[in-house]
Structures are given as C-alpha cells and as structure tokens.
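A quick write-up on the structure given underneath.
Naming: A, B, ... by sequence-line order, numbering from 1 per chain.
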There are 2 protein chains.
Amino acid sequence: MPAANTPDGGSKATKGGETPTRREQLLTIAARLFADKGFRNTTVRDIADEAGILSGSLYHHFDSKESMVDEILSTFQEELFGQYDEILASGDDARTKLERAVRVSFEAIDRYPSEVAIFQNDADYLGTFERFGYLADRNMQSRQVWITLIEEGVRTGVLRADLDVTLTYRFIRDTIWVAVRWYRPGRGLSHTDIADQYVRILLDGIAVSGG
Amino acid sequence: MPAANTPDGGSKATKGGETPTRREQLLTIAARLFADKGFRNTTVRDIADEAGILSGSLYHHFDSKESMVDEILSTFQEELFGQYDEILASGDDARTKLERAVRVSFEAIDRYPSEVAIFQNDADYLGTFERFGYLADRNMQSRQVWITLIEEGVRTGVLRADLDVTLTYRFIRDTIWVAVRWYRPGRGLSHTDIADQYVRILLDGIAVSGG
DNA sequence: GTCTATAAGATGATAGAC
DNA sequence: GTCTATCATCTTATAGAC
C-alpha cells in the first residue's frame with residue numbers, strides 16, 4: 001500500500017530549488033514538530049498554529065495526522081535505502097563499503113534531521129498500525145545491510161574475527177542514529193567531520209595502539 | 001527541592017528482599033508503562049488498569065502523575081551517581097576508571113531498565129518544569145564525569161592525543177545508554193558480556209590491528 | 001484503600017459557509 | 001484554501017461515600 005496522499009496528481013517532496021507547495025510547507029512544519037515533541041505529543045492544533053491557520057483547515061490538505069507522518073517518512077526512506085543499495089552493489093572492498101555506509105548515514109542526519117528523529121522516536125509506536133508496516137520492513141532491510149557489510153569485513157580479513165556480529169551491528173547503528181539527538185546542521189562540526197572521527201574510533205578505537 | 005512524596009514517613013524504593021508496599025508496587029507498574037510508552041503517552045488510567053484499580057484511586061497514593069515519575073527518577077539517579085563518584089575518587093589508572101564507568105553504566109541498564117529508558121526518552125520534556133531541574137544538573141554531572149576520565153586518559157598517554165574529547169564523550173554516552181532500547185535483562189547476552197565487548201570495541205576498534 | 005460520580009479542559013476529526 | 005462551529009472522546013484531577 002503506497003503511502004502517498006497526493007490529490008494534486010503525485011508531486012513528491014521538495015526536491016531541487018522549486019517553490020514548495022502549500023502541502024509541502026505544511027509537511028515541513030509538521031515534520032519539525034513531530035521530531036521535536038514526538039508524533040503523539042504534537043496536536044493538529046500545534047501544526048495549524050505554526051502554519052497560521054485553524055486546525056480544521058489542515059483536513060483540506062490531509063486525511064489525518066497519520067497521513068502526514070506517513071508521507072514524511074516514506075519519502076525519506078526511499079532516498080536513504082537507494083543509497084545503501086548502491087553501496088552494496090559497488091565493487092568496493094569491505095572496509096570502503098562500511099565507511100561509505102557510515103558517511104551516507106551521517107549525511108542523511110544532516111539532510112533529513114526531522115525525518116530521522118521521527119523514525120528513531122516513533123517507529124515502534126507507528127509500526128503497530130498495518131499502514132506503517134513498511135517501517136518494520138525497512139528496519140530489517142537496514143539490519144541486513146550492516147550485517148552483510150560486517151560479515152564481509154570479517155571474511156576478507158579487514159575486521160577482527162572474534163567480533164560478535166549482531167552486537168557490533170547494534171553498536172554501529174545506535175551510535176550513528178542517536179547523533180540526531182545532538183547534531184544540528186550548520187552548527188559545530190560538519191557531518192563529514194563527525195563521520196571521519198566516528199569511522200576512526202569505530203575501526204581503530206580510542207586507545208593508543210599497542211597500549 | 002527534594003523529590004520524594006512519602007506521607008508514610010520516608011520509605012525509599014524497594015531495596016533488599018522486603019515485601020514492596022502498595023506505593024512501591026504502583027511505582028513499579030508506572031515505571032514500566034512510562035518506559036514502554038513514554039511519560040506523556042501513559043495515562044493514569046493505564047496505570048490504574050494494570051494495578052486493578054480505578055484511576056481516581058491512584059490519587060490516594062500520589063499527588064499527580066508528575067509526582068510518580070519524580071520519585072521514580074530521583075531514587076535511581078542517587079544510586080547511579082554515587083557509583084560514579086566512587087570511581088572518580090578511586091586511585092585506579094585512567095583506563096581502569098573508564099572501564100569501570102562503562103561497566104557500572106551497563107549494570108544500571110540491567111538493574112533499572114525502566115528508569116534509564118524514562119530518563120533517555122523524557123528527560124528533555126520533564127526538564128522544562130522547575131520541579132525536574134535536577135535532571136539537567138545530573139546531565140551536566142554525567143558529562144563532567146566522562147570528560148574528566150577521557151582527559152585524564154589522554155594526559156596519561158593511554159588514549160590517543162588526537163581525540164575530539166567532546167565528540168568522544170558523546171559517542172561513549174550515546175552508545176551505552178541507547179542499549180536500553182534493545183537490552184532485556186535475563187535474555188541474550190548478560191550486561192557484563194555486553195560491557196566486555198563494548199570496552200574492547202571502544203578501546204581497540206573493530207578493525208584488525210595494523211590493517 | 002477503593003469506588004462512584006463528575007468537573008474542566010484538550011484532542012482528532014467533520015459539515016458547511018465564505 | 002480557510003473559517004465557524006461543533007462532536008464525541010479522552011485526559012488529569014477532585015469530592016465524598018463506603
């Protein structure tokens with residue numbers, strides 16, 4: 001079941017430099033609020049207030065609050081997983097693939113902070129509705145990406161053979177995505193700087209070698 | 001301002017093997033629900049239902065929903081920070097102190113999974129009320145513990161001198177506490193096993209040395 | 001210590017005017 | 001595309017009976 005809700009005929013999210021439609025403006029506002037306060041703790045009145053309209057008017061654009069978050073999340077996920085697929089299909093060695101996957105993930109936090117935050121905070125709750133079944137699918141898909149990369153690394157001798165693959169996957173996943181809690185695009189370290197340092201710590205640790 | 005709400009004269013939480021009071025039973029139920037669904041998404045009716053009473057009856061035991069979460073969080077934090085203080089005051093070398101702090105934290109996740117989850121998910125929101133000002137204080141205190149340990153490690157030559165101390169602190173903090181999302185006491189790896197593997201990855205990385 | 005009953009406000013959503 | 005007006009439901013919390 002596709003997530004889109006586009007009576008105008010199928011416009012996606014804001015890509016390129018085109019002027020955003022009213023629908024897109026409203027989704028941007030909703031995404032920021034959902035990210036800041038959580039989906040259930042954001043009221044349709046909150047969204048309408050920020051948009052300068054009344055809550056009832058929102059229902060001219062969207063069926064329901066759920067339709068809004070559905071459109072926000074599904075658009076983002078398509079893009080991210082397209083990039084993971086590209087990395088998996090590439091001919092790079094295991095270490096390079098792992099590094100690329102880390103960098104692409106931090107880039108996603110930079111470009112889609114609200115979407116990432118919503119997924120991190122509300123996916124479990126939303127996943128209880130059939131409509132959002134694709135969230136659990138994406139979770140499994142992401143897990144498969146990382147497990148594949150880690151196992152390839154161990155097999156080709158670039159990663160330690162004694163690693164607990166599942167635990168390593170969790171550590172990598174958690175450390176990357178939880179950064180959405182403190183990373184602010186345009187302030188402090190850039191997402192590429194953070195990815196550099198993270199890759200270094202992940203691969204070589206924080207201790208002095210041979211210590 | 002103390003957080004306790006103890007008309008009975010000051011009983012703490014359930015320690016040792018004593019039979020829990022009705023008050024403690026209700027707090028245990030509330031803590032699990034707050035952890036699972038979030039503070040704002042747990043209704044007093046949810047808590048009362050699980051306890052087998054009506055929502056109004058809860059107000060015989062507690063002033064408000066906020067008093068409940070206050071008592072849950074403050075009791076837990078006293079214990080955890082007592083352990084950090086002990087480590088800081090010890091004569092151990094920097095590497096040992098860092099390892100001990102990691103282990104104590106994973107042990108806290110094991111013993112107080114609900115409390116940790118509530119703090120992770122709802123501290124930002126609760127912190128907006130004066131009553132919960134101590135949460136921000138504890139956050140700063142925790143930051144100071146880790147920063148101190150990392151800086152001591154760098155100074156004494158056991159940690160790499162090129163580390164970004166703040167970023168390293170965030171990575172350590174995030175990776176540890178986010179484990180509360182998937183760790184389940186008594187299932188899978190024990191908290192000591194997880195701490196072992198985590199310390200190894202943190203200090204030495206996942207790559208083969210000299211790779 | 002729990003129940004009955006209820007207040008006062010917030011919430012997602014709808015129907016129809018402009 | 002937005003507003004007026006409103007509904008049915010859920011929310012935290014209270015007062016007093018048992």
Side-chain angles (χ1 to χ4, degrees), chain A residues 3 5-9 11 14 19-31 33-34 36-73 118 122 125-126 128-132, chain B residues 3 5-9 11 14 19-31 33-34 36-73 118 122 125-126 128-132:
Chain A
N5 178 340
T6 51
D8 59 16
S11 74
T14 317
T19 317
T21 64
R22 185 76 174 125
R23 176 188 197 75
E24 288 164 351
Q25 290 173 4
L26 294 172
L27 282 181
T28 301
I29 290 168
L33 287 169
F34 290 156
D36 285 353
K37 318 179 16 160
F39 175 71
R40 279 181 289 184
N41 299 311
T42 302
T43 70
V44 292
R45 283 175 175 77
D46 290 335
I47 302 167
D49 282 354
E50 289 248 334
I53 59 178
L54 291 185
S55 63
S57 306
L58 274 179
Y59 290 84
H60 174 72
H61 302 276
F62 305 96
D63 286 54
S64 65
K65 207 173 108 173
E66 283 182 13
S67 290
M68 301 186 78
V69 77
D70 192 350
E71 192 164 335
I72 289 164
L73 287 177
I118 297 166
D122 293 312
Y125 165 71
L126 293 172
T128 60
F129 303 100
E130 317 88 72
R131 169 175 205 165
F132 293 98
Chain B
N5 179 340
T6 49
D8 59 16
S11 74
T14 317
T19 316
T21 64
R22 185 71 174 130
R23 175 187 198 76
E24 288 165 349
Q25 290 174 4
L26 293 172
L27 281 180
T28 301
I29 290 169
L33 287 169
F34 291 156
D36 285 354
K37 319 182 13 163
F39 175 71
R40 280 181 289 185
N41 299 313
T42 302
T43 70
V44 291
R45 281 191 231 282
D46 290 335
I47 301 167
D49 282 354
E50 289 248 336
I53 59 179
L54 291 185
S55 63
S57 306
L58 274 179
Y59 290 84
H60 173 72
H61 302 275
F62 305 96
D63 285 49
S64 65
K65 209 174 107 173
E66 284 182 14
S67 290
M68 300 185 79
V69 78
D70 192 349
E71 192 164 337
I72 290 164
L73 287 177
I118 296 167
D122 293 313
Y125 165 71
L126 293 173
T128 61
F129 304 100
E130 317 89 71
R131 170 176 204 164
F132 294 98

Is there a side-chain contact between [X] and [Y] (heavy atoms, below 4.5 Å)?
| X | Y | answer |
| --- | --- | --- |
| B/Ile47 | B/Thr42 | yes |
| B/Tyr125 | A/Asn41 | no |
| A/Val69 | A/Asp122 | no |

* To do: Classify the nucleic acid contact of A/Ile53 as base, sugar-phosphate or nothing, counting any heavy atom under 4.0 Å across all strands shown.
  => sugar-phosphate
Out of [options], which has the shortest distance to the side chain of [X]?
| X | options | result |
| --- | --- | --- |
| B/Lys65 | D/dA13, D/dC3, D/dT2 | D/dA13 |
| A/Leu54 | C/dT11, D/dT4, C/dA13 | D/dT4 |
| A/Tyr59 | C/dG12, C/dC3, D/dA13 | C/dG12 |
| B/Ser64 | D/dA13, C/dG1, D/dC3 | D/dA13 |
| B/Ser57 | D/dC3, C/dC3, D/dA13 | C/dC3 |

Length of the line joining [X]:[atom1] and [N]:[atom2], which is rounded to integer Å:
| X | N | atom1 | atom2 | value |
| --- | --- | --- | --- | --- |
| B/Ile47 | D/dT11 | CD1 | C1' | 12 Å |
| A/Leu58 | C/dT11 | CG | P | 14 Å |
| A/Met68 | C/dA13 | CE | P | 11 Å |
| B/Phe62 | C/dT2 | CZ | P | 11 Å |
| B/Asp63 | D/dT12 | CG | P | 15 Å |

* Under the salt bridge (charged side-chain N to carboxylate O under 4.0 Å, His left out) rule, collect the residues that match up with B/Asp46, sequence neighbours excluded. => B/Lys37
* **side chain to side chain contact (heavy atoms under 4.5 Å, CB included) assessment of A/Asp70 paired with A/Lys65** => CA-CA 9 Å; A/Asp70 192 350; A/Lys65 207 173 108 173; over 6 Å; no
* To do: Would you indicate, yes or no, if C/dT11 has its OP1 or OP2 atom less than 4.0 angstrom from a side-chain nitrogen or oxygen of A/Arg40?
  => no
* Asked: Between C/dC3 and B/His60, is there an OP1 or OP2 to side-chain N/O distance shorter than 4.0 Å?
  -> no
* Asked: Checking only heavy atoms, does the side chain of A/Arg45 share a donor-acceptor pair with the base of C/dG12 at less than 3.5 Å?
  -> yes
* To do: Please tell me which of A/Asn41 and A/Gly56 maps to the more 5' nucleotide of DNA chain C, matching each residue to the nucleotide holding its nearest heavy atom.
  => A/Asn41
